[in-house]
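Step one of this worksheet: look at the structure below.
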Amino acid sequence: MKVDLISYTKGDFVSQEFMLDYIASQSRSLKPKLIEGLFERTVDWGHKSIQEFATCVFHVQEVSRSLLAQVTRHRHATFNVMSGRHVPTTKVVLPKGIECMEGKITLEDGAEVTWWTRKDGRLVIDILKDGESNEFAQGICEVPLEDIRYGFPIGSAVSFFLRINGSSLRNFLALRLDKHAQWEIRRLACCLYDLVDDVNPVMLKGLDDLREANYGSEGGPNP
Ligand SMILES: Cc1cc2nc3c(=O)[nH]c(=O)nc-3n(C[C@H](O)[C@H](O)[C@H](O)COP(=O)(O)OP(=O)(O)OC[C@H]3O[C@@H](n4cnc5c(N)ncnc54)[C@H](O)[C@@H]3O)c2cc1C
């Protein structure tokens with residue numbers, strides 16, 4: 001798994017002058033300075049609409065389709081997933097304890113596509129057609145890759161961009177840093193936490209215990 005923070009809302013943006021003026025214009029006290037550190041207070045108050053103005057964009061690579069299925073359940077995030085229709089998967093995420101996987105896809109014309117993983121998770125695909133063994137490439141058999149890939153494992157690696165606002169990120173982390181979450185998405189949650197912690201820790205207020213509980217576990221820090 002490789003995760004990068006591509007862009008984020010800088011600093012405690014609600015303490016910037018224009019935001020203070022805006023909020024002060026709606027308050028009775030008209031003392032903008034009294035509400036410095038407002039973002040942190042929104043966490044205590046559950047005032048989520050303010051947290052929604054802070055956003056992060058992450059690039060997530062070398063995670064499984066299994067993880068993708070889980071992460072896209074978070075409806076308040078935006079995703080762009082690298083298409084796998086025309087480019088063969090080259091890597092598989094191997095969970096702890098699994099050394100390799102293999103499979104076979106038999107085509108109507110008698111050709112056979114076999115695949116197996118190397119120890120480092122590299123996926124090798126071979127097609128046996130008319131008695132000849134070939135490295136798999138688009139167009140080598142009649143069935144297109146977008147259908148052949150149905151026979152590859154759910155561990156096949158994908159990459160995607162994830163855009164998420166502060167409120168949804170907090171919801172995601174609260175659910176996915178928890179020990180009941182599956183190990184790969186817990187690891188992703190740890191990576192997102194650590195990247196945001198470096199640039200805007202105020203967004204993570206109150207989630208540190210959950211993050212710390214993952215040290216030394218399968219989730220662990222960004223590998
Ligand atoms: C440990 C664990 C096990 C899980 N197991 C399963 C499982 O077995 N099967 C399964 O299907 N899913 C499972 N899930 C997924 C889970 O049910 C949620 O779909 C997922 O965590 C997304 O959470 P969310 O809805 O809070 O996030 P988001 O979709 O990002 O929504 C954020 C928040 O917005 C609000 N919201 C969003 N949409 C609506 C809406 N339509 N109506 C009302 N409020 C809304 C809710 O308050 C929600 O919490 C599991 C999750 C975890 C963490």
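Whatever order the structure lists ligands and atoms in, that order sets their numbers, starting from 1.
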Quick one: does [atom] have a protein heavy atom under 4.0 Å from it?
| atom | value |
| --- | --- |
| atom 1 (C) of ligand 1 | yes |
| atom 18 (C) of ligand 1 | no |
| atom 31 (O) of ligand 1 | yes |
| atom 51 (C) of ligand 1 | yes |
| atom 7 (C) of ligand 1 | no |
| atom 46 (C) of ligand 1 | no |
| atom 43 (C) of ligand 1 | no |
| atom 38 (N) of ligand 1 | yes |

Side-chain heavy-atom pair [X], [Y] within 4.5 angstrom cut-off:
| X | Y | value |
| --- | --- | --- |
| Lys119 | Cys100 | no |
| Lys179 | Leu210 | no |
| Arg118 | Val124 | yes |
| Leu195 | Tyr8 | no |
| Cys141 | Ile127 | yes |

Residue selection (non-hydrogen contact nearest [atom]) among [options]:
| atom | options | result |
| --- | --- | --- |
| atom 15 (C) of ligand 1 | Arg176, Arg170, His74 | Arg176 |
| atom 35 (C) of ligand 1 | Gln70, His76, Lys48 | His76 |
| atom 24 (P) of ligand 1 | Asp178, Ile185, Asn165, Asn171 | Asn171 |

*Record the part of Gln182 in heavy-atom contact with ligand 1 below 4.0 Å; permitted values are side chain, backbone, both and neither.*
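Gln182 to ligand 1: no contact under 4.0 Å from either part.
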*For ligand 1, indicate whether the residue Leu175 contacts it via side chain, backbone, both or neither (heavy-atom separation under 4.0 Å).*
both
_Heavy atom of the protein closest to atom 40 (C) of ligand 1 (residue, atom name, distance)_ = Arg75 NH1, 3.8 Å
_Nearest non-hydrogen protein atom, atom 12 (N) of ligand 1_ = Arg73 NH1, 3.0 Å
*Could you tell me whether Arg170 sits above the aromatic face of Phe172, with NZ or CZ closer than 6.0 angstrom to the six-membered ring centre and within 45 degrees of the axis?*
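Ring-cation test returns no.
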Mark yes when over 12 heavy atoms from residues, nucleotides or ligands other than [X] sit less than 6.0 Å from its [atom1]; otherwise mark no.
| X | atom1 | answer |
| --- | --- | --- |
| Asp130 | CG | no |
| Lys205 | NZ | yes |
| Arg163 | CZ | no |

*Looking only at N/O atoms, are His180 and ligand 1 under 3.5 Å apart anywhere?*
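No, His180 has no N/O under 3.5 Å of an N/O on ligand 1.
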*Quick one: closest heavy-atom pair of Thr89 and Lys91, and the distance?*
CG2-O, 3.1 Å
